[in-house]
Trainee: 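The structure under discussion is supplied below as structure tokens; questions concerning it will follow.
Quantities reported herein were computed from a predicted structural model and do not represent experimental measurements. Order of the sequence lines sets the chain letters (A, B, ...), proteins ahead of strands, with each chain counted from 1. All values below come from the heavy atoms of this structure, side chains included, with hydrogens, waters and symmetry mates left out.
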Protein chains: 2
Amino acid sequence: MSDQNLEQLSINTIRTLAIDAVQAANSGHPGAPLGMAPMGYTLWQRFLRHNPANHRWPGRDRFVLSAGHASMLIYSLLHLTGYPKMTLQELKDFRQWDSQTPGHPEFFHTDGLDATTGPLGQGIAMTVGMAMAEAHLAARYNREGFPVFDNYTYAICGDGDLQEGVSHEAAALAGHLGLGKLIWLHDDNEVQLDTVVAKADSERMRLRFEGYGWQVLKVEDGNDVEAIAAAIEQAQAETGKPTLIQVRTVIGFGSPRAGTPKAHGEPLGDEGVAETKRALGWDHPAFTVPAEVAEHMSALERGAAQQAEWEGMMNRYRAEFPELGQEVDDLLERELPENLWEALPQWEAGSKAQATRSSSGEVINALAPLVPGLMGGSADLSGSTKTTITGEDHMQADNYAGRNVYFGVREFGMSAAANGLSLYGGLRPLVGTFMVFSDYLKPAYRLSALQMQPVTYVLTHDSVGLGEDGPTHQPVEQLAMLRAVPGAHVFRPADANETAAAWALALEYKKGPTALVLSRQNLPVLPANHDGVKRGAYVVRDAENAAVTLLATGSEVSLALDAAQALAAEGVAARVVSMPCFELFREQDRGYRREVLGTAPRVAIEAAASQPWFEWVGTEGGLVTLDRFGASAPGEVVLEKLGFSVDNVVKVAKATIA
Amino acid sequence: MSDQNLEQLSINTIRTLAIDAVQAANSGHPGAPLGMAPMGYTLWQRFLRHNPANHRWPGRDRFVLSAGHASMLIYSLLHLTGYPKMTLQELKDFRQWDSQTPGHPEFFHTDGLDATTGPLGQGIAMTVGMAMAEAHLAARYNREGFPVFDNYTYAICGDGDLQEGVSHEAAALAGHLGLGKLIWLHDDNEVQLDTVVAKADSERMRLRFEGYGWQVLKVEDGNDVEAIAAAIEQAQAETGKPTLIQVRTVIGFGSPRAGTPKAHGEPLGDEGVAETKRALGWDHPAFTVPAEVAEHMSALERGAAQQAEWEGMMNRYRAEFPELGQEVDDLLERELPENLWEALPQWEAGSKAQATRSSSGEVINALAPLVPGLMGGSADLSGSTKTTITGEDHMQADNYAGRNVYFGVREFGMSAAANGLSLYGGLRPLVGTFMVFSDYLKPAYRLSALQMQPVTYVLTHDSVGLGEDGPTHQPVEQLAMLRAVPGAHVFRPADANETAAAWALALEYKKGPTALVLSRQNLPVLPANHDGVKRGAYVVRDAENAAVTLLATGSEVSLALDAAQALAAEGVAARVVSMPCFELFREQDRGYRREVLGTAPRVAIEAAASQPWFEWVGTEGGLVTLDRFGASAPGEVVLEKLGFSVDNVVKVAKATIA
């Protein structure tokens with residue numbers, strides 16, 4: 001069989017596996033894999049460095065199928081290139097419970113994926129973070145003759161990805177940083193779900209991306225393997241700019257619905273599958289992989305050789321640069337220093353009041369020398385969020401070693417990039433913005449959690465207590481939003497010491513993101529109680545035979561303490577509990593939880609929506625919370641007017657007891 | 001005084017009012033108003049049609065200060081042009097409790113604002129909706145010689161606005177629709193908060209916007225009134241494209257911090273203010289408005305004349321086209337048909353099961369002829385969200401009369417545009433996407449609530465019951481997120497009849513947005529109980545001496561009914577309550593709430609995060625909820641595996657009683 005015939009046969013194997021699986025599931029997206037198969041084949045067969053036997057090998061290229069609904073493309077490629085768990089049976093079990101082949105690619109679930117995709121735009125945005133990670137780590141750790149970090153990052157994306165706003169944020173950032181090893185292939189099929197693209201979008205993609213500083217290439221025929229390969233080579237040759245390759249394809253190629261929106265999201269039906277196979281000249285039973293294709297496409301040998309070469313280089317690197325070698329190994333393993341907790345800044349109770357955002361800034365700077373993977377920045381609010389690592393550069397196109405990043409006013413793109421920085425392996429990205437703008441980054445926060453990536457979100461200006469900026473800048477419902485996300489940890493520390501502990505716990509938690517919700521205003525320093533923070537909640541002020549328990553977080557803990565004192569003066573004994581992290585508290589045994597919460601009636605005090613508090617105070621508890629938007633005035637005025645005063649807490653506490 | 005001197009004096013009055021107010025508040029953003037003052041002056045003095053005495057006059061031009069932190073620019077303009085409530089005292093009370101001058105412009109709080117701004121990118125995105133509204137209503141209602149709807153929509157935006165992803169979605173949509181009366185002035189000052197723009201962004205804005213199909217103009221000197229005016233004229237002359245005018249300005253013009261990030265967000269200090277005034281040649285006490293400026297800039301007379309002319313035309317229109325005139329008047333008042341509730345489709349209990357998204361589609365189509373303001377579309381999911389008004393066109397550049405909109409895969413831009421469509425006045429926009437992608441539009445949903453705009457969000461595929469698409473597409477925490485937003489209504493209807501009632505209530509609620517959270521899968525039809533839906537919750541199945549009360553929403557109401565039957569078979573009497581809208585239920589009197597919830601132990605059943613349910617079931621109630629991500633498999637399998645089965649509800653109910 002000629003090379004060309006073998007290629008065609010391989011491409012059609014990808015196509016028929018995809019439509020067979022969609023048909024078997026009676027659910028899924030046949031159109032995209034049919035059109036994308038040649039570019040998927042070309043990229044994986046001729047360019048992608050990966051080892052099916054060791055799918056997390058750090059030296060591999062990264063590949064993200066941003067158009068996640070085309071998942072059967074990547075599942076077919078994983079099967080054909082030899083990923084052991086991706087058996088033919090798994091393809092037959094597409095979209096079934098517990099299979100390796102969920103409807104959209106799920107990182108941590110299926111070997112060989114570099115990211116979870118499906119929510120459009122985020123796949124490509126994560127590749128920007130991956131390419132940043134490669135450039136950054138290369139700048140810090142590569143040495144002459146030792147390309148420790150040296151890989152390409154590829155994505156295949158669809159029109160929907162590029163319509164999403166996050167594509168703008170991500171592409172503008174990538175262009176600014178001149179990420180020359182980032183290559184996106186645009187499945188330019190002129191069709192989207194509702195209609196043809198021309199009815200929803202008239203963008204000239206070339207102008208737009210050249211405006212971002214990208215190289216833009218075009219492949220006129222998406223079935224032309226040589227043209228695709230030439231474009232990828234040209235993309236690789238441009239080392240100073242990321243490249244967008246517009247590949248003109250036909251959605252649902254070969255099928256009766258080819259080139260129409262109907263091809264997008266519905267199985268073709270038995271007759272449609274049969275007709276498509278006829279058009280492709282395919283005459284095999286369902287789920288057939290011709291032996292010559294299996295042999296041709298297996299990447300096991302090639303991948304093992306590539307990895308072995310890299311491992312050999314790494315061993316010489318470790319010998320030549322033992323300290324650096326150790327640092328790289330530790331970094332890739334996300335090892336933390338043994339003295340993490342001792343290295344935290346400590347503050348004496350009663351010392352000068354400070355905003356927890358400032359405490360966080362001190363902690364970041366204390367830990368940065370000990371945690372080489374710690375890096376990141378903010379969405380143009382570094383002065384406010386205190387996220388800068390002092391003494392370290394800012395990452396720029398001419399200096400990728402900078403551990404600080406000017407992410408620009410791009411909260412979502414920043415957070416998606418942080419997911420990519422983390423997914424790349426080793427880094428511990430932190431990102432910062434105002435708490436209220438967690439709204440903008442929520443989709444990426446969810447993907448941090450779903451992908452179990454330890455990204456730290458530094459969210460400052462955490463309540464109406466921020467004052468004058470007013471309702472648009474004052475979070476109310478955001479704590480409820482973040483606390484409802486499975487697998488994420490949310491801390492709202494009461495003071496400097498709780499902030500330090502929260503940072504240590506954020507670094508120790510490697511199974512998901514952590515949100516640190518921090519004050520703009522100064523807060524009194526309380527006695528340090530790291531163990532209490534580790535347990536999520538603890539008694540800050542006890543009282544014998546407490547008549548009421550005041551539960552609070554963040555800036556309201558000090559208020560609760562003042563209120564407890566006022567109550568005591570009126571003969572009402574009150575316990576105060578600080579609850580910096582609900583998630584950790586829930587994990588404690590029932591005994592500890594009962595001990596902390598006590599048996600007295602409870603009052604929740606938090607300058608935010610009440611929704612998360614009923615879990616702790618029940619239907620009869622007291623609430624000093626906020627179920628309205630804020631207002632513009634000095635912070636102390638706003639807090640006072642909205643009920644966050646000693647008088648009001650005392651009033652609510654007494655009413656709750658009564 | 002020469003015209004030119006008077007202009008300069010006026011511009012400097014705007015500037016000094018801004019820095020005096022920031023200084024008095026000791027808080028705010030002096031840099032932007034100093035640089036923007038000439039363009040603000042030019043636009044308002046020479047172009048903007050508005051009437052300070054009647055700030056909601058429908059014929060006015062729309063103006064949005066997207067860079068909301070520059071609020072003192074617009075407050076100064078409102079004062080100088082004669083808005084009665086914007087007294088000099090209000091400027092002195094900048095950022096103080098209950099003043100007319102909050103830190104960021106708040107629609108509904110301050111007369112003369114067309115939108116709330118501050119969350120970057122959304123101001124300009126809302127202007128796209130406003131320009132769509134104008135074009136749409138003009139196409140439907142204008143007649144030869146009767147330009148009922150005929151105004152420009154202007155925005156001033158900053159670099160931050162254009163870095164935000166939503167700027168991409170909005171600009172691409174505006175370019176596609178060829179909105180020729182939309183004009184953005186970009187305060188191109190090369191400085192952002194953290195740093196100079198060049199360190200975070202290397203975009204060539206001209207290419208990017210020409211890629212979107214915009215006209216791009218440049219004003220080299222932002223202090224040149226004539227150049228700014230010429231550019232605005234050129235923008236108006238281009239009727240087939242929106243225009244971006246890049247106005248090169250100096251942030252903090254005249255101040256010692258001019259041209260630096262330090263000028264952005266801090267008061268200048270007394271000395272800085274004095275120095276700035278010296279540089280501007282200003283020798284007056286704080287808050288001085290020279291008499292000639294007050295006279296020159298008052299828009300009262302001009303505005304009254306413009307409005308009178310429009311009113312006259314409208315009266316002739318009403319005479320000439322009585323039916324259309326009535327429709328326009330009703331539309332602008334958001335009048336609903338008297339027979340709204342009777343016009344709703346009704347389904348007999350036990351009739352063919354249907355997905356609530358399909359029921360919603362039927363309701364939309366039943367109401368569209370009766371509610372002329374109803375229009376909208378989805379983020380490329382119209383076939384799935386059933387949001388299309390059949391028999392009506394899709395809005396396109398050559399047909400603005402279409403009541404359907406292909407918003408593209410742009411959830412956030414769509415929702416911000418919907419806010420603009422609503423803010424324009426009269427329209428009742430609906431927007432649709434999958435529930436899980438409410439994450440993407442959350443920032444706009446918040447602004448719907450904060451601005452009290454009755455946008456209807458049709459959010460389908462509302463739980464893990466959607467099945468095969470898997471965790472990325474299965475909402476879990478989104479109900480908690482939406483329910484925590486103040487002022488918004490969230491409905492999760494149990495069946496077709498509840499869906500119809502929810503739609504009617506969405507239209508009746510004019511003080512905020514409504515989210516309709518709808519199933520992908522078919523649900524049995526229950527007996528209609530419109531009154532129950534109006535009250536937010538009601539008893540669906542009662543039982544004498546109920547031992548347990550099952551509270552449920554949406555698809556889980558049928559499950560609860562089946563479980564109640566199973567419990568009854570085991571001798572356990574169970575009441576079932578449907579709770580489609582928590583917000584409305586909270587508004588009921590205590591008596592009704594107690595009556596519905598009863599005194600038996602309670603179990604909450606909802607395929608979503610548990611957080612919102614503790615309010616109703618307390619700390620001891622039972623929970624059949626979901627605090628983990630979903631999985632890919634057929635919907636009924638996923639629901640069963642995750643505990644949404646009769647067996648599990650029965651088990652939890654019995655454990656709750658025990």
Side-chain angles (χ1 to χ4, degrees), chain A residues 27 95-97 102-104 118-120 160 163-166 168-169 172 176 192-195 199-204 207-208 210-211 213 380 382 406 408-410 412 439-440 442-443 450 468-472 477 480-481 484-486 609 611-612 614-615 618-619 627-629 632-633 637, chain B residues 27 95-97 102-104 118-120 160 163-166 168-169 172 176 192-195 199-204 207-208 210-211 213 380 382 406 408-410 412 439-440 442-443 450 468-472 477 480-481 484-486 609 611-612 614-615 618-619 627-629 632-633 637:
Chain A
S27 163
R95 295 182 156 232
Q96 303 309 306
W97 184 265
H104 293 79
L120 291 177
Q163 287 174 17
E164 288 286 2
V166 72
H168 161 65
E169 300 183 13
H176 172 70
Q192 54 196 82
L193 209 167
D194 271 358
T195 178
K199 294 220 169 167
D201 195 29
S202 307
E203 272 174 82
R204 284 177 293 170
L207 285 185
R208 175 184 164 203
E210 288 180 351
D380 198 38
S382 302
Y406 287 126
V409 187
R410 306 178 180 114
F412 186 9
D439 281 2
Y440 279 65
K442 168 68 179 24
L450 187 54
E468 291 91 341
D469 274 343
T472 57
E477 74 279 17
M481 172 176 89
V485 177
Q611 185 174 272
F614 294 96
E615 179 177 0
T619 56
D627 291 307
R628 52 157 283 183
F629 290 114
S632 172
V637 176
Chain B
S27 164
R95 294 181 156 234
Q96 303 309 306
W97 184 264
H104 293 79
L120 290 177
Q163 287 173 17
E164 288 286 0
V166 72
H168 161 64
E169 300 182 13
H176 173 70
Q192 54 196 83
L193 209 167
D194 271 356
T195 180
K199 296 220 167 166
D201 195 30
S202 307
E203 272 174 83
R204 284 178 292 171
L207 286 185
R208 176 185 163 203
E210 288 180 351
D380 198 37
S382 302
Y406 287 126
V409 187
R410 306 179 179 114
F412 187 8
D439 280 2
Y440 279 64
K442 169 68 178 26
L450 187 53
E468 291 92 340
D469 273 343
T472 57
E477 74 277 19
M481 172 177 90
V485 176
Q611 188 184 103
F614 295 97
E615 179 177 359
T619 55
D627 290 308
R628 54 155 283 182
F629 290 113
S632 173
V637 175

Trainee: Check whether B/Phe412 gets within reach of chain A through its side chain, its backbone, both or neither, counting any heavy atom under 4.5 Å.
Mentor: side chain

Trainee: Using every non-hydrogen atom in the two residues, find where B/Gly160 and A/Val409 come nearest and quote the distance to one decimal.
Mentor: CA-CG2, 3.7 Å

Trainee: Of the non-hydrogen atoms in A/Leu450 and B/Pro471, which two are nearest, and what is the gap between them?
Mentor: CD1-CB, 3.8 Å

Trainee: Identify which part of A/Tyr440 has an atom lying under 4.5 Å from any heavy atom of chain B, answering side chain, backbone, both or neither.
Mentor: both

Trainee: Do you know the tightest heavy-atom contact between B/His176 and A/Ser202?
Mentor: ND1-OG, 2.6 Å

Trainee: Against chain B, label A/Asp380 side chain, backbone, both or neither, depending on which of its atoms sit under 4.5 Å from a heavy atom there.
Mentor: both

Trainee: Counting heavy-atom pairs closer than 4.5 Å to chain A, which one of B/Pro612, B/Gly103, B/Gly165 comes out on top?
Mentor: B/Gly165

Trainee: Top residue by heavy-atom pair count (under 4.5 Å) with chain B, among A/Gln192, A/Glu164, A/Glu169?
Mentor: A/Glu164

Trainee: Side chain from CB out, backbone as N, CA, C, O: work out which of these in B/Ala484 comes under 4.5 Å of a heavy atom of chain A, or both, or neither.
Mentor: both

Trainee: Between chain B and each of A/Asp627, A/Val485, A/Asp194, count heavy-atom pairs under 4.5 Å; write down the option with the most.
Mentor: A/Asp194

Trainee: Using 0.5 Å steps for rounding, measure from the OG1 atom of A/Thr195 to the OH atom of B/Tyr406.
Mentor: 4.0 Å

Trainee: Using only atom types and a distance under 3.5 Å, with no angle test, would you say the side chain of B/Gln611 pairs donor to acceptor with the backbone of A/Gln611?
Mentor: no

Trainee: Show the nearest heavy-atom pair for residues A/Thr619 and B/Glu615, with the distance to one decimal.
Mentor: CG2-O, 3.3 Å

Trainee: Which pair of non-hydrogen atoms, one from B/Pro486 and one from A/Phe629, has the smallest distance, and what is that distance?
Mentor: O-CE1, 3.4 Å

Trainee: Side chain, backbone, both or neither: which part of B/Ser27 has an atom under 4.5 Å from a heavy atom of chain A?
Mentor: side chain

Trainee: CD of B/Glu468 to CD of A/Gln96: how many Å apart, nearest 0.5 Å?
Mentor: 7.0 Å

Trainee: For B/Asp201, what residues pass the side chain to side chain donor-acceptor pair (under 3.5 Å) criterion, not counting sequence neighbours?
Mentor: A/Arg410

Trainee: For A/Ala633, which atoms come within 4.5 Å of any heavy atom of chain B: side chain, backbone, both, or neither?
Mentor: both

Trainee: Quick check on B/Asp469 against chain A: is it the side chain, the backbone, both or neither that has a heavy atom closer than 4.5 Å?
Mentor: both

Trainee: Where do B/Pro119 and A/Thr472 come nearest, in terms of heavy atoms and distance?
Mentor: CD-CB, 3.6 Å

Trainee: For chain A, which of B/Gly118, B/Pro443, B/Gly408, B/Ala609 has the most heavy-atom pairs under 4.5 Å?
Mentor: B/Pro443

Trainee: In terms of relative ring orientation, are B/His168 and A/His168 parallel, tilted or perpendicular, with 30° and 60° separating the classes?
Mentor: parallel

Trainee: How many angstroms lie between CD in A/Glu477 and CE in B/Met481, if you round to the nearest 0.5 Å?
Mentor: 9.0 Å

Trainee: Shorter than 4.5 Å, heavy atoms on both sides: which option in B/Val637, B/Leu120, B/Leu207 has the most such pairs with chain A?
Mentor: B/Leu207

Trainee: Go through B/Arg208, B/Arg204, B/Glu210 and name the one with the most non-hydrogen pairs under 4.5 angstrom from chain A.
Mentor: B/Arg208

